There are 2 protein chains.
Amino acid sequence: MEEKDSFNHLPHKTIARLSQYRRALLLCLSRGKSHIFSHEIATIQHITPVQVRRDLMLIGYSGTLRKGYNIRELIDLIGNIIDSDEGIKVAIVGMGNLGRALINYFSGKRHKLEIVAGFDTNPDKIGNTMNGVPCYPAERMKEIIEREKIEIGIITVPAQNASQTANELVAAGIKGLLNYTPKPIDVPDYVYLEEYDMITTLEKVAFYVKMRQSEEESNKK
Amino acid sequence: MEEKDSFNHLPHKTIARLSQYRRALLLCLSRGKSHIFSHEIATIQHITPVQVRRDLMLIGYSGTLRKGYNIRELIDLIGNIIDSDEGIKVAIVGMGNLGRALINYFSGKRHKLEIVAGFDTNPDKIGNTMNGVPCYPAERMKEIIEREKIEIGIITVPAQNASQTANELVAAGIKGLLNYTPKPIDVPDYVYLEEYDMITTLEKVAFYVKMRQSEEESNKK
DNA sequence: TTTGCCTTGTTATTTAATTAACAAATAAAA
DNA sequence: TTTTATTTGTTAATTAAATAACAAGGCAAA
């Protein structure tokens with residue numbers, strides 16, 4: 001208990017990187033590697049070796065000098081930190097292209113984190129199964145989330161339905177939400193919320209592309 | 001020229017928020033509103049009024065005291081900053097579920113930023129049109145990107161093809177890349193790169209959900 | 001054995017972003 | 001007319017994150 005508490009002040013960015021380190025490490029392990037240096041991890045992730053070492057320091061893992069980190073041990077440790085012992089169930093609301101894309105990404109990958117239900121209002125989709133994930137009618141959201149003890153919801157409905165969907169998920173007792181619509185949603189404090197807006201991301205890329213071009217032009221002069 | 005340069009030190013987060021403010025403002029405008037207060041924008045975006053005012057200060061926009069900001073003017077100013085005068089063309093590589101989801105999100109929305117081509121290797125998809133976006137064979141990437149003067153590429157191929165796709169896009173002269181595969185890619189300095197990893201995001205949500213639960217438990221004791 | 005080279009682990013510094021604090025302006029109310 | 005409430009704009013302080021700096025350990029080669 002006390003140990004686990006020590007991880008709740010890890011920087012958000014470190015949590016994200018740990019997840020990425022683990023995937024890279026699993027790949028290395030499958031290729032027969034047993035140890036890895038911080039600069040190797042850094043190269044794979046396109047970050048600096050210092051940042052890798054600092055992250056590992058924060059989770060209290062020590063490598064061996066001149067031999068690097070034990071890949072198997074590190075994978076296990078990261079799992080202890082970021083995975084839930086019992087596993088966490090996830091539901092996707094909105095089985096359009098984005099919802100299905102997410103299911104494909106996840107299918108059979110992470111066993112501690114499983115997408116167990118999809119919801120939609122389209123009668124053509126209801127009753128079908130996508131990559132092993134059954135699609136239920138939106139009206140049954142509360143019932144199924146409670147029955148299956150689903151704790152995380154991913155919102156991939158059209159933007160205009162985002163906030164209503166969020167409310168329904170919260171009412172159903174969801175603990176964490178991931179909102180992929182461009183419409184910001186409002187949830188109670190006890191629900192962890194992460195939002196990602198694809199339109200904004202693309203506009204940002206466009207801005208920096210433009211910015212660099214105009215910098216180049218003014219340098220030429 | 002000199003004015004534009006003044007925007008190249010805007011914080012990245014501010015750029016992202018400007019894009020979001022604009023969308024919110026367009027919605028308000030369409031409802032007949034002409035002015036808006038910082039705290040109204042803040043409520044819509046679930047941030048603080050101070051942050052809104054600070055962002056607007058950075059772009060040099062002044063509202064009128066006790067009347068707020070002129071929505072029309074502000075929309076135009078944000079456009080001047082983040083849009084490219086001539087517009088920027090975008091290509092999507094990988095017309096799977098995620099690629100199609102992005103096309104749906106964008107279709108007909110932002111006229112300064114247009115998805116004009118999709119690429120895939122699947123013969124069933126090649127030659128089709130999705131929401132007005134034609135799907136070309138991957139081999140024609142360079143040819144079409146050069147011909148259409150496409151500057152931004154979005155990578156939505158399977159992870160194992162990510163880096164090869166990135167190389168092809170860079171070779172074709174792309175200026176900005178948005179990588180949605182969980183595999184980090186490597187691009188030259190002159191290419192602006194943004195990466196987003198859905199698996200990591202979901203693992204992060206799961207971590208914080210778990211963390212809060214174990215905090216609650218230890219509080220009960 | 002000794003020297004030099006890597007590599008880790010940690011602290012210090014710098015940079016980025018958010019939040020707090022508050023002066024100034026002005027419309028509305030007293 | 002004077003006071004009060006509200007809202008903007010800006011500087012200062014705080015927090016979060018990344019980067020730099022460097023001591024210490026230990027293998028390999030001389």
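Each chain gets a letter, A, B and so on, in the order the sequences are listed, and its residues count up from 1. It should be emphasised that the depicted structure is a prediction, and the values quoted were computed from it without experimental measurement.
- Sorted by first then second residue, the side-chain hydrogen bond (donor to acceptor under 3.5 Å, both in side chains) pairs that include residues 162-172 of chain B, not counting sequence neighbours, are B:Gln164-B:Glu168.
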Only distances under 3.5 Å count here; give the side-chain donor-acceptor pairs of residues 57-65 of chain A to other protein atoms, sequence neighbours excluded, each with its distance to 0.1 Å.
| unit_1 | atom_1 | unit_2 | atom_2 | d |
| --- | --- | --- | --- | --- |
| A:Tyr61 | OH | A:Asn70 | N | 3.4 |
| A:Tyr61 | OH | A:Glu73 | OE1 | 2.7 |
| A:Thr64 | OG1 | A:Gly68 | O | 3.3 |

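- By the 4.0 Å N-to-carboxylate-O rule, B:Arg22 lies close enough to A:Glu203 to be salt-bridged with it.
- In summary, contact between chain B and DNA chain D, defined as any nucleotide atom under 4.0 Å from a heavy atom of the protein, begins and ends at D:dA5 to D:dA12 in the 5' to 3' direction.
- Residues from residues 10-20 of chain B with heavy atoms under 4.0 angstrom of DNA chain C, sorted by number: B:Pro11, B:His12, B:Lys13, B:Arg17.
- Remark: B:Gln45 pairs with no residue by the side chain to side chain donor-acceptor pair (under 3.5 Å) rule, at least two apart or across chains.
- Separating the CD atom of B:Gln51 from the P atom of C:dA16 is a distance of 17 Å, rounded to the nearest angstrom.
- Every residue was checked against the salt bridge (charged side-chain N to carboxylate O under 4.0 Å, His left out) condition with B:Glu114, not counting sequence neighbours, and none meets it.
- Listed by chain and residue number, nothing satisfies the salt bridge (charged side-chain N to carboxylate O under 4.0 Å, His left out) test with B:Lys149 (two or more places apart in sequence, or in another chain).
- Residues satisfying the salt bridge (charged side-chain N to carboxylate O under 4.0 Å, His left out) criterion with A:Glu148, sequence neighbours excluded, are A:Lys89.
- Evaluation of the salt bridge (Lys or Arg N to Asp or Glu O under 4.0 Å) test over residues 175-193 of chain A, restricted to residues two or more places apart or in two chains, returns none.
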Report all interatomic pairs (protein N or O, nucleotide N or O of nucleotides 7-13 of chain C) with separations under 3.5 Å.
| unit_1 | atom_1 | unit_2 | atom_2 | d |
| --- | --- | --- | --- | --- |
| C:dT8 | OP1 | A:Ser38 | N | 3.1 |
| C:dT8 | OP2 | A:Ser38 | OG | 2.7 |
| C:dG9 | OP1 | A:Ser62 | OG | 3.3 |
| C:dG9 | OP1 | A:Gly63 | N | 2.7 |
| C:dG9 | OP1 | A:Gly63 | O | 3.4 |
| C:dG9 | OP2 | A:Tyr69 | OH | 2.9 |
| C:dG9 | N7 | A:Arg53 | NE | 2.8 |
| C:dG9 | O6 | A:Arg53 | NH2 | 2.9 |

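- Every residue two or more places apart in sequence or in another chain that forms a salt bridge (charged side-chain N to carboxylate O under 4.0 Å, His left out) with B:Arg23 is listed here: A:Asp197.
- For B:Phe37, the side chain to side chain contact (heavy atoms under 4.5 Å, CB included) partners at least two apart in sequence or on another chain are B:His39, B:Glu40.
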